[in-house]
Participant: 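So that we are looking at the same thing, I have put the structure below in structure tokens.
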Amino acid sequence: KFFNALISPDEESASHLYKVLHDKPSMQKMSQVIRLINEDLGKWFEYILTQAWRAKEILDEEGISDPAHAIPGAEMARLVSLFLGGDLSRVDQILPLIQRAIAGGGLDVVATKELLRQTMEAYDDWSPEI
């Protein structure tokens with residue numbers, strides 16, 4: 001079903017992919033297979049999985065079950081702060097970035113890169129790509 005949902009999606013595919021993605025034993029086995037094929041790709045896959053699981057935990061803890069619940073700028077800043085730093089210490093730094101983008105002023109790239117540099121261990125490895 002997982003591969004069918006990827007190759008030939010139907011109206012139930014998104015739900016099935018979501019269930020499989022959050023089935024940690026299945027994804028850990030997939031990660032092992034990917035690592036056998038390519039170690040770097042396996043590390044990247046595990047990182048993405050860890051972040052997806054972390055995001056789901058944050059959304060569940062915050063009671064967000066629908067994207068509309070995350071739309072207010074203050075709530076979005078709260079979620080981004082939790083995701084990037086694991087706490088609410090960066091809400092005041094993130095909120096102006098969100099408000100500027102929502103108001104049509106575009107993303108403050110310099111401030112956003114600085115925020116990512118402060119909160120992401122791998123930023124220096126990926127900064128040319130960001």
Participant: Do you know which two heavy atoms are closest between Ile94 and Ala77, and how far apart they sit?
Facilitator: CG2-CA, 3.8 Å

Participant: Just how far is it from atom CG of Asp23 to atom CD of Gln28, taken to the nearest 0.5 Å?
Facilitator: 9.0 Å

Participant: Please name all residues satisfying side-chain hydrogen bond (donor to acceptor under 3.5 Å, both in side chains) with Ser31, sequence neighbours left out, ordered by chain then number.
Facilitator: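 With sequence neighbours excluded, Ser31 shows a side-chain hydrogen bond (donor to acceptor under 3.5 Å, both in side chains) to Glu46, given in chain and number order.
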
Participant: Which atom names give the shortest non-hydrogen contact between Pro96 and Val91, and what distance separates them?
Facilitator: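 Of all heavy-atom pairs spanning Pro96 and Val91, the closest is CD-O, 4.5 Å.
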
Participant: Just wondering, are more than 12 heavy atoms of other shown residues or ligands nearer than 6.0 Å to CG in Asp92?
Facilitator: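 No, the 6.0 Å shell around CG holds no more than 12 heavy atoms from other groups.
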
Participant: Rounded to the nearest 0.5 Å, how far does CZ of Phe45 lie from CE of Met30?
Facilitator: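 Spacing of CE (Met30) from CZ (Phe45) equals 5.5 Å.
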
Participant: Any chance you could pull the hydrophobic cluster mates of Ile37, using side-chain heavy atoms under 4.5 angstrom and chaining through other members?
Facilitator: Val33

Participant: Side chains of Arg90 and Gln93: do they bring a donor and an acceptor to under 3.5 Å?
Facilitator: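 Looking only at side-chain atoms, Gln93 and Arg90 do form a donor-acceptor pair, the distance falling under 3.5 Å.
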
Participant: Do Leu95 and Ile58 land in one hydrophobic cluster if side-chain heavy atoms of ILVMFWY residues count as linked below 4.5 Å?
Facilitator: no

Participant: Is Glu57 salt-bridged to Lys24, going by a charged N under 4.0 Å from an acidic O?
Facilitator: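 Here Glu57 pairs with Lys24 in a salt bridge, since their nearest N and O are under 4.0 Å apart.
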
Participant: Identify the two heavy atoms, one from Asp108 and one from Arg100, that lie closest to each other, and give their separation to 0.1 Å.
Facilitator: CB-NH1, 3.3 Å

Participant: Would a hydrophobic clustering, with Ile, Leu, Val, Met, Phe, Trp and Tyr connected at side-chain separations under 4.5 Å, put Leu107 with Leu115?
Facilitator: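 No, no single cluster joins them.
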
Participant: Taking all heavy atoms of Gly73 and all of Ile102, pick out the closest pair and write down the distance.
Facilitator: CA-CD1, 4.4 Å

Participant: So do Glu39 and Lys43 actually touch side chain to side chain, heavy atoms under 4.5 Å?
Facilitator: yes

Participant: Determine whether Trp53 and Met27 make a side-chain contact, defined as any pair of heavy atoms from C-beta on separated by less than 4.5 Å.
Facilitator: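 Result yes, sub-4.5 Å side-chain heavy-atom pair found.
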
Participant: Is any side-chain heavy atom of Lys113 less than 4.5 Å from a side-chain heavy atom of Val109?
Facilitator: yes

Participant: I want to check something: taking the side chain as every heavy atom from C-beta on, are Leu84 and Leu116 in contact at a cut-off of under 4.5 Å?
Facilitator: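 Answer yes - side chains close enough.
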
Participant: Side chains of Glu75 and Ile64, heavy atoms from C-beta outward: is any pair under 4.5 Å?
Facilitator: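 When only atoms from C-beta onward are counted, Ile64 and Glu75 do touch, with a gap below 4.5 Å.
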
Participant: Just how far is it from atom CG of Asp40 to atom CZ of Arg35, taken to the nearest 0.5 Å?
Facilitator: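 So the CG of Asp40 and the CZ of Arg35 are separated by 9.0 Å.
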
Participant: May I ask you to check whether Glu114 and Gln118 show a side-chain donor-acceptor distance below 3.5 Å?
Facilitator: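 Note: Glu114 and Gln118 side chains meet the donor-acceptor criterion.
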
Participant: Decide yes or no for Glu62 and Leu79: does some side-chain heavy atom of the first lie under 4.5 Å from some side-chain heavy atom of the second?
Facilitator: yes

